[in-house]
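Letters A, B, ... are given to chains in the order of the sequence lines, protein chains preceding strands, and every chain is numbered from 1.
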Protein chains: 2
Amino acid sequence: MQTGFFQKIKLFSQASPTSLQQISHAAKKRLYKKGTIILDRYQSQQTFLYVINGWIKLFRESSDGEEVIVDMLTQNHHCGATFLFESKEEDTYMAKSISEIEIFTLPTTLLKRLVASDHNLSLCLMHSILQKQKSLSVHIEHLSIQNAMQRIGCFLLRLRSDIQFQKNIKLRLPYDKVLLASRLGMRPETFSRALSKLSRKCDLHVDNELIAISCPLKLIQYVCQHCSQIFPCNLEG
Amino acid sequence: MQTGFFQKIKLFSQASPTSLQQISHAAKKRLYKKGTIILDRYQSQQTFLYVINGWIKLFRESSDGEEVIVDMLTQNHHCGATFLFESKEEDTYMAKSISEIEIFTLPTTLLKRLVASDHNLSLCLMHSILQKQKSLSVHIEHLSIQNAMQRIGCFLLRLRSDIQFQKNIKLRLPYDKVLLASRLGMRPETFSRALSKLSRKCDLHVDNELIAISCPLKLIQYVCQHCSQIFPCNLEG
DNA sequence: CGAAACCTTGACAATGTTCAATCACTGTGG
DNA sequence: CCACAGTGATTGAACATTGTCAAGGTTTCG
């Protein structure tokens with residue numbers, strides 16, 4: 001792969017020429033169709049994964065056999081930084097493509113070496129981790145404050161950054177409702193009922209995975225009322 | 001303050017002598033009694049705060065005037081790293097002592113300079129941030145999977161790391177129940193009822209803020225049953 | 001075509017919240 | 001020193017929200 005490609009990625013934009021060269025040498029770009037297991041738990045430990053395009057589900061099984069969503073990644077998200085310093089088996093996860101995806105991977109060992117030697121690269125990585133941390137904090141606040149309808153509305157609002165200045169927004173849910181329900185901490189049945197209740201309350205038009213928001217401000221007002229953030233909260237850079 | 005003090009702190013253990021010197025020069029050690037406002041929102045932006053001892057509440061107000069807990073800090077926790085790269089007003093918080101506390105602070109600007117120049121220091125900081133990130137992920141899993149009784153039990157279990165090998169553990173709640181309830185994402189009334197229900201179910205003995213766990217394994221079994229982590233999950237340090 | 005997954009709906013159970021009342025405890029000012 | 005206000009904590013009753021179970025429709029894909 002070409003160094004220019006990586007230089008355009010914020011995370012690597014400050015990396016030294018040597019680092020960029022090593023990265024572009026070692027990176028493996030891959031395309032997968034929907035529904036493919038990308039990493040098993042063992043591989044997750046050894047792989048830094050960067051999403052160029054599409055959606056990926058990171059998950060584990062709980063002790064009673066249920067699937068637990070660890071994270072959902074999309075464009076410009078990455079995973080694997082956890083294993084730069086510690087490599088505990090309990091932290092591992094599986095990765096599965098939820099749509100067609102385009103990604104690249106790097107061996108954790110290489111990234112570890114680069115981060116140890118390339119100060120600017122490590123600072124970019126730290127910046128990115130801090131952004132992620134903020135989004136986790138916001139997620140926690142939402143889970144403890146918002147009800148099912150609000151969590152769904154909040155998710156919709158975050159799908160588009162320009163949403164507050166538009167009218168009659170049209171969205172497509174990026175992945176299926178069962179998964180989305182789980183991501184938002186509720187049962188599929190609750191999701192189904194809450195979405196239809198929300199659409200009555202805030203003038204949405206729902207047609208399977210297509211959703212039209214006729215008046216974003218109305219939705220924002222209902223969704224964000226108890227939150228400590230100001231509306232376009234936590235839109236990642 | 002003495003450089004030796006900071007060298008013993010994991011976060012600064014790999015810092016260069018020059019960094020350590022600058023840190024020890026600029027650090028302000030402080031004692032506060034319970035109930036003191038340590039930082040207002042403006043100060044939080046300019047201050048890196050490290051807890052030597054005691055408990056601190058970080059919080060904000062939501063748009064409808066409710067207090068939102070951002071984080072609870074204790075021994076060896078810190079806050080302020082967020083502002084090393086970005087300084088958004090919405091990310092600021094207030095800090096209040098919940099017990100007698102001993103802390104030290106550094107100006108964000110200094111830490112920023114040091115992190116920019118001292119590679120090993122920045123790696124230590126990154127490590128610490130990644131640990132924090134893991135604990136946030138676990139928190140999210142707990143909020144979406146556990147019920148009120150389990151969240152309370154889980155909190156108790158994390159108060160002592162050796163808990164699984166003991167019998168008849170005696171604990172003291174580190175801060176009041178209203179705050180703890182909010183931290184665990186429930187109402188004080190729910191907390192009160194859930195704690196008494198839990199104590200019946202898992203043989204706890206509750207006497208105000210004192211709690212005795214006669215059989216930790218029984219509690220672990222009930223609390224951790226749906227979790228993707230293995231028991232002594234996410235014990236920091 | 002048929003199996004499997006996804007999605008929705010109804011009836012009901014479990015869980016959590018709200019509101020109001022009460023009690024204990026703490027610190028303050030008269 | 002006591003009265004009193006304020007906070008923390010608990011409890012009951014009514015209510016709201018979410019989860020569970022079962023059934024049936026729809027979509028997807030080999």
Side-chain angles (χ1 to χ4, degrees), chain A residues 33-36 55 57 59 62 64-67 69 96-100 142-153 172-201 204 206-211 222-223 225-226, chain B residues 33-36 55 57 59 64 66-67 69 96-100 142-153 172-201 204 206-211 222-223 225-226:
Chain A
K33 62 181 181 186
K34 180 174 168 171
T36 316
W55 284 86
K57 166 175 81 171
F59 64 108
S62 73
D64 63 348
E66 287 281 297
E67 179 179 298
I69 310 292
K96 185 175 176 177
S97 59
I98 292 310
S99 65
E100 272 199 6
H142 289 162
L143 283 175
S144 29
I145 292 183
Q146 296 178 322
N147 65 24
M149 281 192 287
Q150 290 170 324
R151 297 212 289 283
I152 295 171
R172 174 185 299 271
L173 296 181
Y175 40 85
D176 74 56
K177 295 178 178 176
V178 176
L179 184 51
L180 186 46
S182 163
R183 175 67 174 158
L184 299 177
M186 66 188 82
R187 300 280 139 190
E189 296 93 329
T190 303
F191 180 90
S192 181
R193 281 186 260 261
L195 177 57
S196 81
K197 207 168 153 195
L198 180 68
S199 66
R200 265 170 281 142
K201 181 164 210 134
L204 312 184
V206 180
D207 171 19
N208 289 322
E209 82 279 13
L210 297 176
I211 298 186
Y222 173 65
V223 164
Q225 56 186 330
H226 305 307
Chain B
K33 61 181 183 186
K34 180 173 169 176
T36 316
W55 285 87
K57 168 174 81 172
F59 64 107
D64 62 350
E66 287 283 297
E67 178 179 297
I69 310 290
K96 185 176 176 178
S97 59
I98 292 309
S99 64
E100 271 199 6
H142 289 161
L143 283 176
S144 31
I145 291 183
Q146 295 178 322
N147 65 24
M149 280 192 286
Q150 290 170 324
R151 296 213 290 282
I152 294 170
R172 175 186 298 272
L173 296 181
Y175 40 85
D176 73 56
K177 295 178 178 177
V178 175
L179 184 51
L180 186 45
S182 163
R183 176 66 174 160
L184 297 176
M186 66 187 82
R187 300 280 140 193
E189 296 93 328
T190 303
F191 179 90
S192 180
R193 284 186 259 262
L195 177 57
S196 80
K197 207 168 155 194
L198 180 68
S199 66
R200 265 170 279 143
K201 182 165 211 134
L204 311 184
V206 180
D207 170 18
N208 290 321
E209 81 279 13
L210 297 174
I211 298 186
Y222 173 65
V223 164
Q225 57 185 327
H226 305 307

Engineer: I'd like to know if A:E100 pairs up with A:K33 as an ion pair, taking the criterion as any Lys NZ or Arg NE/NH1/NH2 lying under 4.0 Å from an Asp or Glu carboxylate oxygen.
Structural biologist: no
Engineer: Starting at atom CD1 of B:I145, determine the distance to atom C1' of C:dT15, rounded to an integer number of angstrom.
Structural biologist: 17 Å
Engineer: Check whether any side-chain N or O of B:R187 sits under 4.0 Å from OP1 or OP2 of C:dT18, and answer yes or no.
Structural biologist: yes
Engineer: Looking only at side-chain atoms of B:E189, point me to the closest of C:dA20, D:dT20, C:dG16.
Structural biologist: C:dA20
Engineer: For A:V206 and for A:S144, find the nucleotide of DNA chain C with the closest heavy atom, then tell me which residue's nucleotide is more 5'.
Structural biologist: A:V206
Engineer: To the nearest Å, give me how far apart CG (B:N208) and C1' (C:dC25) are.
Structural biologist: 10 Å
Engineer: Apply salt bridge (Lys or Arg N to Asp or Glu O under 4.0 Å) to residues A:E67 and A:K96 and explain how you reach the verdict.
Structural biologist: CA-CA 12 Å; A:E67 179 179 298; A:K96 185 175 176 177; over 6 Å; no
Engineer: Output the rounded distance in Å from CZ (A:R193) to P (C:dC6).
Structural biologist: 18 Å
Engineer: Over how many whole Å does the gap from A:N147 atom CG to D:dC15 atom C1' extend?
Structural biologist: 15 Å
Engineer: Can you tell me if B:S199 uses its side chain to pair, donor with acceptor, with the backbone of B:V206 under 3.5 Å?
Structural biologist: no
Engineer: Name the nucleic acid region contacted by A:K197, choosing base, sugar-phosphate or nothing; use a 4.0 angstrom heavy-atom cut-off, strictly under.
Structural biologist: sugar-phosphate
Engineer: Out of D:dT10, C:dA11, C:dG16, which nucleotide sits closest to the side chain of B:A148?
Structural biologist: C:dG16
Engineer: Round to a whole Å and report the spacing from CG of A:D207 to P of D:dT27.
Structural biologist: 10 Å
Engineer: C:dC6 C1' sits how many Å from A:I98 CD1, rounded?
Structural biologist: 13 Å
Engineer: Which nucleotide wins on minimum distance to the side chain of A:K177, given the candidates D:dT20, C:dC7, D:dG19?
Structural biologist: C:dC7
Engineer: Which listed nucleotide (D:dT11, C:dG10, C:dC6) is nearest to the side chain of A:V178?
Structural biologist: C:dC6
Engineer: Whole angstroms only, please: what is the CD1-C1' distance between B:I152 and C:dT15?
Structural biologist: 13 Å
Engineer: With a 4.5 Å limit on heavy-atom distance, are the side chains of A:I211 and A:R172 in contact?
Structural biologist: no
Engineer: Looking at B:S192, does any N or O in its side chain come under 4.0 Å of the phosphate oxygens OP1/OP2 on D:dT10?
Structural biologist: yes
Engineer: How close do B:L173 and B:K177 get, counting heavy atoms only, and between which atoms?
Structural biologist: CD1-CE, 3.8 Å
Engineer: Without decimals, in angstroms, what is the distance between B:Q146 CD and C:dT15 P?
Structural biologist: 14 Å
Engineer: Side chain of A:D176 only, heavy atoms from C-beta on: which candidate in C:dT17, C:dC6, C:dG10 is closest?
Structural biologist: C:dC6
